Novice: 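Before I ask anything, here is the structure I am working with.
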Amino acid sequence: MQYISTRGRAGALDFEGATLAGLASDGGLYLPEHWPTFTADEFAAMRGLSYVETAVRVILPFVGESLSEDELRDLCTQAYGRFAHAAVTPLLQLDHRHWFLELFHGPTLAFKDVALQLLGLLFEKFLARRDTHLTIVGATSGDTGSAAIDAVAGRAKIDIFMLHPAGRVSDVQRRQMTTVLAPNVYNIAIEGSFDDAQALVKRMFNDADFASRFDLSAVNSINWARLVSQVVYYVYAAVRLGAPDRKVAFAVPTGNFGDVFAGYVAARMGLPIERLIVATNVNDILHRALREGDYSQGTVIPTATPSMDIQVSSNFERLLFDLGGRDGIALGEQMKGFEATKAMRLTNAQRDGAAKLFTSARIDGDAMSRTMRWAYDAAGQVIDPHSAVGLAAAHQVELDPSVPVVTLATAHPAKFRDAVERATGTRPTLPSRAGDLFGREERYATLPATFEAVTSYVAERAVARRG
Ligand SMILES: Cc1ncc(COP(=O)(O)O)c(C=O)c1O
Ligand SMILES: N[C@@H](CCOP(=O)(O)O)C(=O)O
């Protein structure tokens, strides 16, 4: 399997190359050159499989020659062995048609662990084959950072520089990152928004000298290897609810469009998905894009769902590429226009293609809080604010009532204790696997959101680490 760039000018890479590169050299994102598919019988045969075996079946067609089936099984066994639930991503029934897919049983209590536990191991495996020392630069609105740091802390051939927006992540999220004192971990609080942090990261990749000098790589969902492991839980949940004989809908709390794009990939692989409901908070660029074709960047508004406070959704580019006939040169022009003006209109092909599978809903803070209370009173569940945005959207969108609707529960409520307590009166406690977060020393730098400040910070430390 080869991977091609959404902007059509970078050379194709195999799975190993695309994983290590992260972002393509033309600024585009990698996608497989074609979508592997499963037959209905092959999906039906997955009903009895464990999470690890489902992961092996789903991911194997994407890895090509980069990993043997046994190597992949070994990595998945290690990655998902660290989850606190035997089902890895269990399904919980909320009422007669709504389900919760709990994705937060990993070490850092958010869905990011599903992908990053595996990605950390993939990096290690691939680096053992080469004489390369990777410098990971990443941007986080709270959850990717802690999951990535947990996955790579202490690994010999990797340094990680993680940018988060200062003061805009929860205290638990920040401490999960900043109390990891491993010598290869650098946390940077950026005086700006997540979008500023993400733009700085992309600019570092687009600076060819800087990127090659330090062998940059990515842990954000711009890295294809992040997304492929997220496809697994769509399949795992859907076959348990009757797929392929029955269609299933998914409601996905969305920010960078990575998680819901993994659902799109599952659909392209043949999984019968009735609808993918894109749930945004008031930072609603995706809702406007899907409803009106207007992809224009607004100012980020801080909310009680900080991980979704995003106004430029990186993975939307992958969807536009796939829906627009995979014309990388044309998409490259469209994206350049967006980068220059902060606005773009979707083409008719992109809008019509998206409308076949996606529906969106914009959920404000009141609706989010009401849904947290509904989950508590009606279903006896304390849920996190991001998952509540997804569930509110699942309640709002009209669908055939016989279709089960699965909301992706993307974080443990204890990560957002203040918001949960405000909405429900209950303060969730941190599971013991989070450790003594509040008794540990924190370490991080605070920097202005400028390219010069961040690159000189990274360069100085990356040079020192390489000796
Ligand atoms: C808890 C939580 N929910 C939802 C999202 C949005 O997911 P995505 O960025 O893949 O759209 C994030 C961040 O990515 C998150 O951390
Ligand atoms: N919500 C994310 C933002 C980064 O998204 P990613 O999926 O591209 O890593 C976070 O928690 O950091």
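Computation of the quantities below employed the complete heavy-atom set of this structure, encompassing side-chain atoms and omitting hydrogens, waters and symmetry-equivalent molecules. Counting starts at 1 for both ligands and their atoms, following the listed order. Treat the numbers as computed from the prediction; the structure is a model and nothing was measured.
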Novice: Of all the atoms in ligand 1, which lie at a distance below 4.0 Å from a heavy atom belonging to Gly258?
Specialist: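 This gives 8 (P), 10 (O), 11 (O) as the contact atoms.
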Novice: I need the nearest protein heavy-atom contact for atom 13 (C) of ligand 1: residue, atom name and distance, please.
Specialist: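 For atom 13 (C) of ligand 1, the nearest protein heavy atom is Lys112 NZ, 3.1 Å.
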Novice: Parallel, tilted or perpendicular: which fits the ring planes of His98 and His395, with parallel below 30° and perpendicular above 60°?
Specialist: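 Aromatic pair His98/His395 classed perpendicular.
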Novice: Considering heavy atoms of the protein only, find what lies nearest to atom 16 (O) of ligand 1 and give residue, atom and distance to 0.1 Å.
Specialist: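 Result: Asp143 OD2, 2.5 Å.
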Novice: Within ligand 1, which atoms have a heavy atom of Asp259 less than 4.0 Å away?
Specialist: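 Per the distance check, 10 (O).
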Novice: Just to confirm my output: which protein heavy-atom neighbour is closest to atom 11 (O) of ligand 1, and how far is it?
Specialist: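 Scanning the protein heavy atoms, the shortest distance from atom 11 (O) of ligand 1 goes to Gly255 N, 2.7 Å.
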Novice: Would you say the side-chain atoms of Tyr80 pair up with the backbone N or O of Val114, donor to acceptor, closer than 3.5 Å?
Specialist: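 Answer holds: yes.
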Novice: Give the contacting part of Met308 toward ligand 2: side chain, backbone, both or neither, where contact means a heavy-atom distance below 4.0 Å.
Specialist: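 The answer is neither; Met308 stays 4.0 Å or more away.
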Novice: Please could you name the atoms of ligand 2 that Arg226 approaches to less than 4.0 Å, counting only its heavy atoms?
Specialist: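 Ligand 2 atoms under the 4.0 Å threshold to Arg226: 6 (P), 7 (O), 9 (O).
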Novice: Taking only heavy atoms of Asn256 into account, list the atoms of ligand 2 that are under 4.0 Å away from them.
Specialist: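 Listed by number with element, the hits are 4 (C), 5 (O), 6 (P), 8 (O).
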Novice: Are any of the side-chain heavy atoms of Val382 and Val420 separated by less than 4.5 Å?
Specialist: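 SC-SC contact between Val382 and Val420 confirmed.
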Novice: So, Phe416 versus His386, ring centres under 6.0 angstrom or not?
Specialist: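 Aromatic pair counts; centres sit under 6.0 Å.
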Novice: Between Asp322 and Arg268, is there a salt bridge with N-O shorter than 4.0 Å?
Specialist: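 Counted as a salt bridge, because a side-chain N and a carboxylate O are separated by less than 4.0 Å.
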Novice: Check whether any side-chain heavy atom of Arg240 lies under 4.5 Å from a side-chain heavy atom of Leu91, and answer yes or no.
Specialist: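 Result yes, sub-4.5 Å side-chain heavy-atom pair found.
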Novice: Looking only at heavy atoms of Gln173, does any of them come nearer than 4.0 Å to an atom of ligand 2?
Specialist: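 Not so, Gln173 does not reach ligand 2.
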Novice: Mark up the atoms of ligand 2 that fall under 4.0 Å of a heavy atom belonging to Asp143, in ascending order.
Specialist: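 Here the atoms of ligand 2 in question are 10 (C), 11 (O), 12 (O).
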Novice: So if I count the atoms of ligand 1 from 1 in the order they appear, which ones are less than 4.0 Å from some heavy atom of Ala411?
Specialist: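 That gives atoms 1 (C) of ligand 1.
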Novice: List ligand 2 atoms under 4.0 Å from Phe194, heavy atoms only on the residue side.
Specialist: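 Within the 4.0 Å cut-off of Phe194, ligand 2 contributes 3 (C), 4 (C).
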Novice: Check this for me - ligand 2, Asn315, N or O atoms closer than 3.5 angstrom, yes or no?
Specialist: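 The answer is no, given that Asn315 and ligand 2 share no N or O pair closer than 3.5 Å.
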Novice: Is the OH atom of Tyr376 crowded by more than 12 outside heavy atoms at less than 6.0 Å?
Specialist: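 Atom OH in Tyr376 is not packed in, count stays at 12 or less.
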Novice: For ligand 2, which atoms sit closer than 4.0 Å to a heavy atom of Gly142?
Specialist: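 Ligand 2 atoms under the 4.0 Å threshold to Gly142: 10 (C), 11 (O), 12 (O).
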Novice: Look at ligand 1 and say whether Val260 reaches it with a heavy atom at a distance under 4.0 Å.
Specialist: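 No, Val260 has no heavy atom closer than 4.0 Å to ligand 1.
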Novice: Before we go on, tell me: are the rings of Tyr264 and Phe257 under 6.0 Å apart, centre to centre?
Specialist: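 So the answer is no for these two rings.
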Novice: List the closest protein heavy-atom neighbour of atom 8 (O) of ligand 2: residue, atom name, distance to the nearest 0.1 Å.
Specialist: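 The closest heavy atom on the protein side is Ser221 OG, 2.5 Å.
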Novice: Heavy-atom contacts with Met308 under 4.0 Å: which atoms of ligand 1 show up? List them by number with element.
Specialist: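 The list of qualifying atoms is 4 (C), 5 (C).
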Novice: Pick one of side chain, backbone, both or neither for how Gln198 approaches ligand 2, counting any non-hydrogen atom pair under 4.0 Å.
Specialist: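 It is neither; nothing of Gln198 touches ligand 2.
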Novice: Would you mind checking which non-hydrogen protein atom is closest to atom 9 (O) of ligand 1, with the distance to 0.1 Å?
Specialist: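 The answer is Asn256 N, 2.7 Å.
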Novice: Within a distance under 4.0 Å of any heavy atom of Pro253, pick out the atoms of ligand 1 and give their elements.
Specialist: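 Result: 4 (C), 5 (C), 6 (C), 7 (O).
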Novice: Determine whether the side chain, the backbone, both or neither of Phe257 has a heavy atom under 4.0 Å from any heavy atom of ligand 1.
Specialist: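 The answer is the backbone.
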Novice: Thr140 heavy atoms, cut-off 4.0 Å: which ligand 2 atoms fall inside?
Specialist: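 With Thr140 as reference, the close atoms of ligand 2 come out as 10 (C), 11 (O), 12 (O).
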Novice: For atom 3 (N) of ligand 1, which of Thr144, Thr410, Val389, Asp384 has the closest heavy atom?
Specialist: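 Comparing heavy atoms across Thr144, Thr410, Val389, Asp384, the nearest one to atom 3 (N) of ligand 1 lies in Thr410.
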Novice: Looking only at protein heavy atoms, which one is nearest to atom 12 (C) of ligand 1, and what is the separation?
Specialist: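 Minimum-distance protein heavy atom for atom 12 (C) of ligand 1 reads Phe111 CE2, 3.6 Å.
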Novice: Please check if any side-chain donor atom of Thr6 sits under 3.5 Å from a side-chain acceptor atom of Glu317, or the reverse.
Specialist: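 Indeed, the side chains of Thr6 and Glu317 share at least one donor-acceptor pair under 3.5 Å.
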Novice: Is there a heavy atom of Ser141 sitting under 4.0 angstrom from any atom of ligand 2?
Specialist: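 Ser141: in contact with ligand 2 (<4.0 Å).
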Novice: Looking at Asp26 and Arg9, does any basic side-chain N land under 4.0 Å from a carboxylate oxygen?
Specialist: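 Judged by the 4.0 Å cut-off on N to carboxylate O distance, Asp26 and Arg9 do not form a salt bridge.
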Novice: Please check if the distance between the ring centroids of Trp224 and Phe62 is under 6.0 Å.
Specialist: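 Distance test on ring centres: under 6.0 Å, yes.
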Novice: When Asp143 is tested against each of Lys112, Arg174, Lys415 for salt bridge (charged side-chain N to carboxylate O under 4.0 Å, His left out), which residue passes?
Specialist: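 Single pass found, and it is Lys415.
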Novice: Answer whether the closest heavy-atom distance between the side chains of Met308 and Pro253 falls below 4.5 Å.
Specialist: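 A side-chain contact exists here, since the closest heavy-atom pair is under 4.5 Å.
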Novice: Does a donor on one side chain sit under 3.5 Å from an acceptor on the other, for Asp215 and Thr132?
Specialist: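 No - no donor-acceptor pair under 3.5 Å links their side chains.
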Novice: With the threshold set at 4.0 Å, does a side-chain nitrogen-carboxylate oxygen contact exist between Glu339 and Arg7?
Specialist: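 Salt bridge present between Glu339 and Arg7.
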